[in-house]
Trainee: 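One structure coming up, written as structure tokens, with questions to follow.
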Amino acid sequence: MKKKSVHDTDPLSPEEREAMAQDPAPVADDATWQALVAEVAALPNLPGVYRYFDANGQLLYVGKAKALKKRVSTYFQKRQDGTRIGHMVSRIARMDTTVVRSEAEALLLENNLIKTQNPKYNILFRDDKSYPYLKFTHHGFPRMAYFRGLIDRRAEYFGPYPSAWAVKETIQLMQKVFRLRTCEDTVYNNRSRPCLLYQIKRCSGPCVGKIAEEDYRADVHKATAFLKGQTQSLMKQMQDQMMAHAEALAFEQAAEVRNQIAALSKVLHQQVIDGVEDVDVDILAVVVQGGRACVNLAMVRGGRHLGDRPYFPTHVEDAVAFGEHHDPGSVAAEVLRAFVSQHYQQVPMPRVLVTSHALGSELIEALSEAVGRKVHAVHQPREQRKAWLDMAEQNALRQLTRLLSEEGSQQARTRALAEALDLTPDDLASLRIECFDISHTAGEATQASCVVFTQHQMQSAQYRRYNIEGITGGDDYAAMRQVLTRRYSKLVEAADGQVPKDLPDVVLIDGGKGQISTAREVFLQLGLDISRLVGVEKGEGRKVGLEELVFADGREKVYLGHDSAALMLVAQIRDEAHRFAITGMRAKRAKLRTGSSRLEDIPGVGPKKRAALLAHFGGVRGVADASTEDLQRVAGISSELAETIYRALR
């Protein structure tokens, strides 16, 4: 029996139908559809990238094609109602295409657009961490160092490594076997006697002339040969060197080389795979479970297994349904192709890829063209490579299980809090909580924080800080009144008499009856629903776990219990608001106490006069509060300059 493609076998569940019914994106009408079909008919059969947009201008999908007309036409040959892809295609209102010279260029452009524009129906891998490297500086006695950042040509780099731990372990190995220096040049240039590393035989002491430059460079050459995987030739070279020292009766030097060989042999026995030398391999294993996917990347460099690193993509289900490849049910294969396409745009590709699923000849050819050499992808490996792949698959499953467990507990906490507050949101993930806290030091540098919780997690990009001014120092109620007014009055004004659309479901206040009463007054003045206001009041003895929830609408206090999932979530949100407020307050306080840019920017106030002002008034706040007459009492401050300072700090 002929197998059906993902497009044909992916009907919508009742929950998905309900979600799509609530999707505000308009469906394209027949005229738009016919215009798109005509546009597709005029496309050339050349390599390129295509982009689909809805009527609101939102980017829906980015794809590449070896032949644009042939690929794009598959979406418009017939209506595909009742499927995810049908839902998406029905919303296409505009299409853009870009013709390029080769499929490799199309691959590069496609993934640049995916990374920068985050289309709704593409599998997307996000990683805000750059990979670490091992760096050798250009110097008479090169320094060995951990490095993360942009690579330049003024140094020699080895890597990338999957983690900082892998780099630091390698540095320790290089110190133990080859005794290379790790100190900064500023330290190296000012040493008058050997450091502790020299004493424990982890450095050869080049800073104080304990080793000749030629001999040190020979050690660097050995270290780089080891990092390149040239272990057998390196061992033979070191053995020949030891015998040469022995024949010349230089027994101390021979003993040093012998010790290096012994240490290196021990490391090779532990870390290097037998029969695998001078080979760089990436092992890629994909596991899909519970609607989520994990790609586990393990790295082997020069025969040494350096460790692994998990990646968790977004948009998995919708992206696969709308994907470029039509392998029946091969969600994991689609995820793997997306990862390989995106990952190796920024990271050097090794000679060999060992994969849990086939990549496909077209992708391999495009990657080979993009990197300028043949890419070898091994599917269904044997022997040692199979052992590597099995280990990577086990790690991927373990990482995905951990993620699903964490997400499950996060959703359970959200549900528990919603039930405790008698909330019934249409979508639990859309529950939005904003929490406020006030921080200051004895009334100085008062700041308010607002943190946001939604989609079952804190949303740090939506956090806000507010500088509180014009109140009596230490008046937390006035500070809370000011921040709530500033936060929500704009939403009320924008709503123009209607109920503001962007209001949170819960406004959490770190405080008890007094703070909640203040918040209640602000909400009543703005015409907002006071049932959204919830205070977190310290319990008896202000002990953690005894907190109670206080409501602005007159409901009785609620004690959740020290082991309640809802209390755990409330504590997490409150503690994050406190952390965010106090870090901002401390930064502001330090700026006020050490001198602000406003004082530095005043014409005529140089370093000496600024120091005199700060010393006389005890800080910038004292300078700002001083009158022109007070300012003139400071040496060097004329009446004209005093007036300038007075106006600048108001």
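Scope of the values below: all heavy atoms of this structure, side chains included, with no hydrogens, waters or symmetry mates.
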Trainee: Excluding sequence neighbours, so at least two apart, what forms side-chain contact (heavy atoms from CB on, under 4.5 Å) with K557?
Mentor: K513, E537, E548, V550

Trainee: Please evaluate residues I637 and V605 with respect to the criterion side-chain contact (heavy atoms from CB on, under 4.5 Å), reporting the C-alpha separation (whole Å), side-chain torsions for both, the decisive distance (0.1 Å), and the verdict.
Mentor: CA-CA 9 Å; I637 305 299; V605 180; 5.7 Å; no

Trainee: Using a 3.5 Å distance criterion without hydrogens, assess whether the side chain of N122 forms a donor-acceptor pair with backbone atoms of N118.
Mentor: no

Trainee: Look up atom NE2 in H578 and atom SG in C435, then write down how far apart they are to the nearest 0.5 Å.
Mentor: 11.5 Å

Trainee: Just to verify, what does A392 make a side-chain contact (heavy atoms from CB on, under 4.5 Å) with, not counting sequence neighbours?
Mentor: I283, A285, N296

Trainee: Is the closest side-chain heavy-atom distance between L526 and S489 below 4.5 Å?
Mentor: yes

Trainee: When rounded to the nearest 0.5 angstrom, what is the spacing between CZ in R309 and CG in N395?
Mentor: 14.5 Å

Trainee: If you round to the nearest 0.5 Å, how far is CD of Q410 from CZ of F453?
Mentor: 7.5 Å

Trainee: Could you walk me through whether E576 and R579 pass salt bridge (Lys or Arg N to Asp or Glu O under 4.0 Å), step by step?
Mentor: CA-CA 5 Å; E576 179 66 358; R579 180 203 64 80; 2.9 Å; yes

Trainee: For Q572, which residues count as a side-chain hydrogen bond (donor to acceptor under 3.5 Å, both in side chains) partner, sequence neighbours excluded?
Mentor: R413

Trainee: Can you see which heavy atom on L197 is nearest to which on T182, and at what distance?
Mentor: CD1-OG1, 4.0 Å

Trainee: What heavy-atom pair brings V483 and I438 nearest, and what distance separates the two atoms?
Mentor: CG1-CD1, 4.4 Å

Trainee: Does anything in residues 449-461 pair up under side chain to side chain donor-acceptor pair (under 3.5 Å), and if so which pairs, sequence neighbours excluded?
Mentor: T414-H456

Trainee: Name all residues meeting the salt bridge (charged side-chain N to carboxylate O under 4.0 Å, His left out) criterion together with D575; count only those two or more places apart in sequence or in a different chain, and write none if there are none.
Mentor: none

Trainee: How would you list, by chain and number, every residue that makes a side-chain contact (heavy atoms from CB on, under 4.5 Å) with A519, sequence neighbours excluded?
Mentor: L484, I509, L533

Trainee: Taking the side chain as every heavy atom from C-beta outward, state whether L631 and V623 have any pair of such atoms under 4.5 Å apart.
Mentor: yes

Trainee: Can you tell me how far OH of Y477 sits from OG1 of T472, rounded to the nearest 0.5 angstrom?
Mentor: 14.5 Å

Trainee: Please test Q289 against L404 for side-chain contact (heavy atoms from CB on, under 4.5 Å), starting from the C-alpha separation and ending with a verdict.
Mentor: CA-CA 9 Å; Q289 192 177 62; L404 292 173; 3.7 Å; yes

Trainee: Decide yes or no for S430 and D505: does some side-chain heavy atom of the first lie under 4.5 Å from some side-chain heavy atom of the second?
Mentor: no

Trainee: Got a donor-acceptor contact below 3.5 angstrom from the S405 side chain to the T401 backbone?
Mentor: no

Trainee: Could you tell me which non-hydrogen atom of G535 sits nearest to which non-hydrogen atom of I516, and how far apart they are?
Mentor: N-CD1, 3.3 Å

Trainee: N112: which residues meet the side-chain contact (heavy atoms from CB on, under 4.5 Å) condition with it, sequence neighbours left out?
Mentor: none

Trainee: Using side-chain contact (heavy atoms from CB on, under 4.5 Å), reason through D510 and Q515 one step at a time and then give a plain yes or no.
Mentor: CA-CA 8 Å; D510 185 18; Q515 293 282 25; over 6 Å; no

Trainee: Check for a donor-acceptor pair, side chain of R532 on one end and backbone N or O of P504 on the other, with a separation under 3.5 Å.
Mentor: yes

Trainee: For the residue pair F147 and Y157, categorise the inter-ring angle as parallel (less than 30°), tilted (30 to 60°) or perpendicular (more than 60°).
Mentor: tilted

Trainee: I want to check something: taking the side chain as every heavy atom from C-beta on, are L528 and V507 in contact at a cut-off of under 4.5 Å?
Mentor: no

Trainee: Would you please name every residue forming a ring-ring contact (aromatic ring centres under 6.0 Å, His included) with F339, sequence neighbours left out?
Mentor: F125, Y311, H343

Trainee: Taking only residues two or more places apart in sequence, or in another chain, which ones meet Y188 in a side-chain hydrogen bond (donor to acceptor under 3.5 Å, both in side chains)?
Mentor: none

Trainee: Can you tell if the side chain of Y466 reaches within under 4.5 Å of the side chain of R487, non-hydrogen atoms only?
Mentor: yes

Trainee: Given side chain to side chain donor-acceptor pair (under 3.5 Å), test R465 with Y463 step by step and report yes or no.
Mentor: CA-CA 7 Å; R465 286 194 181 101; Y463 291 4; over 6 Å; no

Trainee: P160 versus V347: any side-chain heavy-atom pair under 4.5 Å?
Mentor: yes

Trainee: Taking only residues two or more places apart in sequence or in another chain, which ones pass salt bridge (charged side-chain N to carboxylate O under 4.0 Å, His left out) with R143?
Mentor: E184

Trainee: If you take all heavy atoms of D529 and F523, which pair is closest and at what distance?
Mentor: O-CD2, 3.5 Å

Trainee: Tell me, please, which residues at least two apart from E643 pass salt bridge (charged side-chain N to carboxylate O under 4.0 Å, His left out).
Mentor: R647

Trainee: Of I573, V570, I433, which is the lone residue that meets side-chain contact (heavy atoms from CB on, under 4.5 Å) with V506?
Mentor: I433

Trainee: Nearest 0.5 Å please: distance from the OG1 atom of T170 over to the CH2 atom of W165.
Mentor: 8.0 Å

Trainee: When rounded to the nearest 0.5 angstrom, what is the spacing between CD1 in I468 and NE2 in H440?
Mentor: 10.5 Å

Trainee: Going by heavy atoms in the side chains, are S439 and Q447 under 4.5 Å from each other?
Mentor: no

Trainee: For P119 versus V62, what's the shortest heavy-atom pair and its separation?
Mentor: CG-CG2, 4.0 Å

Trainee: Side-chain contact, heavy-atom cut-off 4.5 Å: Q58 with R91?
Mentor: no

Trainee: Is there a donor-acceptor contact under 3.5 Å from the side chain of D54 to the main chain of N56?
Mentor: yes

Trainee: If you take all heavy atoms of G604 and K609, which pair is closest and at what distance?
Mentor: O-CD, 3.5 Å

Trainee: Quick one, R574 with D437, criterion side-chain contact (heavy atoms from CB on, under 4.5 Å). Give me CA distance, side-chain angles, the key distance, then yes/no.
Mentor: CA-CA 8 Å; R574 179 203 59 193; D437 188 28; over 6 Å; no

Trainee: Applying salt bridge (charged side-chain N to carboxylate O under 4.0 Å, His left out), name anything that partners R432, two or more places apart in sequence or on another chain.
Mentor: E434

Trainee: Check whether Q342 reaches the backbone of I123 with its side chain - one donor and one acceptor, N or O, closer than 3.5 Å.
Mentor: yes

